[in-house]
Amino acid sequence: AQKITQTQPGMFVQEKEAVTLDCTYDTSDQSYGLFWYKQPSSGEMIFLIYQGSYDEQNATEGRYSLNFQKARKSANLVISASQLGDSAMYFCAMNPNSARQLTFGSGTQLTVLP
Amino acid sequence: DTEVTQTPKHLVMGMTNKKSLKCEQHMGHRAMYWYKQKAKKPPELMFVYSYEKLSINESVPSRFSPECPNSSLLNLHLHALQPEDSALYLCASSQDLTVPNEKLFFGSGTQLSVL
């Protein structure tokens, strides 16, 4: 069975500061994908960043980077230079090769303060 | 076009009503999904269609009936729902279930209230 753990129900960050959202995972699969999605109050799940289990380099997409530590089974999201529009719920998710479906963590509600 | 379009955005229905949620994508994706999401919770998988055939049913009650008329459309037919079925219903699509580690594209969801 697959499991994703996000231990921070809520986080606050000052505008223009960086913030790290934690995510740990558990799977017996050797091949899997790790994803971060953003869900604003409007409801849409917006894809942010992807890391494959065999990727040696950490993924980056603009202000988003994924700090992938395979031995620790962690996939933390780093948002640099936070903006007010970054306030949203953030979900970490995993898609192991054997399951072919996303398993989501419980989410972290990020609030960016002006 | 990287959009998944869901209609309606909001729906209020009584427990004896029959209604349908619609989802459309034009990305050529062959896998489509229905998720249910309660407030402040992660999405929960309901159904997965692959090449217009039902591939996964996560033990969803029969008052929810999915339908995939063609590769671009996915419907969720609702009948005799309960108040606890009130939730955000998200549709998603991906390129192909056989491709590992696939990214899902989500729609904006239908906020359903059952009275």
Side-chain angles (χ1 to χ4, degrees), chain A residues 1-6 8-10 21 23 25 27 29-55 59 61 64 66 68 75 88-111, chain B residues 2-11 21 23 25 27 29-51 54-59 87-113:
Chain A
Q2 283 67 234
K3 188 175 180 182
I4 296 275
T5 302
Q6 293 181 254
Q8 305 153 315
L21 306 184
C23 173
Y25 60 91
T27 180
D29 279 54
Q30 296 301 310
S31 175
Y32 49 88
L34 294 158
F35 304 80
W36 278 91
Y37 283 86
K38 171 185 178 182
Q39 189 176 38
S41 55
S42 59
E44 183 182 3
M45 295 282 279
I46 302 167
F47 166 77
L48 295 178
I49 197 166
Y50 162 81
Q51 178 86 41
S53 57
Y54 291 117
D55 294 340
E61 291 281 354
Y64 304 107
L66 199 151
F68 181 46
M89 180 73 92
Y90 288 80
F91 289 100
C92 180
M94 177 172 62
N95 186 355
N97 203 30
S98 63
R100 301 289 167 86
Q101 57 179 283
L102 276 182
T103 298
F104 286 90
S106 54
T108 295
Q109 180 69 48
L110 177 67
T111 303
Chain B
T2 57
E3 275 194 355
V4 176
T5 303
Q6 289 187 243
T7 56
K9 291 197 182 304
H10 302 275
L11 179 62
L21 310 184
C23 175
Q25 57 87 14
M27 295 178 279
H29 288 175
R30 305 314 300 264
M32 295 188 76
Y33 309 73
W34 279 115
Y35 283 84
K36 173 183 176 180
Q37 186 180 23
K38 290 285 206 179
K40 305 295 184 187
K41 298 289 187 184
E44 297 173 353
L45 184 66
M46 299 175 73
F47 303 102
V48 181
Y49 272 82
S50 177
Y51 287 83
L54 185 63
S55 179
I56 296 174
N57 177 344
E58 292 287 343
S59 303
L88 180 68
Y89 288 84
L90 289 163
C91 175
S93 71
S94 66
Q95 185 178 344
D96 194 314
L97 269 191
T98 62
V99 176
N101 308 327
E102 266 287 278
K103 175 175 72 177
L104 268 62
F105 292 80
F106 284 85
S108 298
T110 295
Q111 186 64 54
L112 174 68
S113 297

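A, B, ... follow the sequence lines: proteins, then strands. Residue 1 opens every chain. Computation of the quantities below employed the complete heavy-atom set of this structure, encompassing side-chain atoms and omitting hydrogens, waters and symmetry-equivalent molecules.
- Inter-residue side-chain proximity for B:E58 and B:M46 is flagged as unmet; no heavy-atom pair is nearer than 4.5 Å.
- Looking at A:Q109, the atoms closer than 4.5 Å to chain B (heavy atoms on both sides) all sit in the side chain, from C-beta outward.
- Both the backbone and the side chain of B:K103 come within contact range of chain A, judged by heavy atoms closer than 4.5 Å.
- With contacts defined as side-chain heavy-atom distances shorter than 4.5 Å, the pair B:Y51/B:D96 qualifies.
- Both the backbone and the side chain of A:M45 come within contact range of chain B, judged by heavy atoms closer than 4.5 Å.
- Your options are A:G105, A:P9, A:G107, A:S42, and the one with the most heavy-atom pairs under 4.5 Å with chain B is A:G105.
- Both the backbone and the side chain of B:K40 come within contact range of chain A, each with at least one heavy atom under 4.5 Å from a heavy atom of that chain.
- Residues passing the ring pair (Phe, Tyr, Trp, His ring centres under 6.0 Å) test with A:Y50, sequence neighbours excluded: A:F35.
- Ring-plane geometry between A:F68 and A:Y25 is classed as parallel, the angle between the planes falling under 30 degrees on a 0 to 90 degree scale with a further cut at 60.
- The most heavy-atom pairs under 4.5 Å with chain A, out of B:A92, B:P43, B:G107, come from B:P43.
- If you measure heavy-atom distances from B:E44 to chain A, you find no contacts under 4.5 Å at all.
- Heavy atoms of B:L90 lying under 4.5 Å from chain A belong exclusively to its side chain.
- Shown here are the ring pair (Phe, Tyr, Trp, His ring centres under 6.0 Å) partners of A:Y90, two or more places apart in sequence or in another chain: there are none.
- The aromatic rings of B:F105 and B:H29 sit tilted, their planes meeting at an angle between 30° and 60°.
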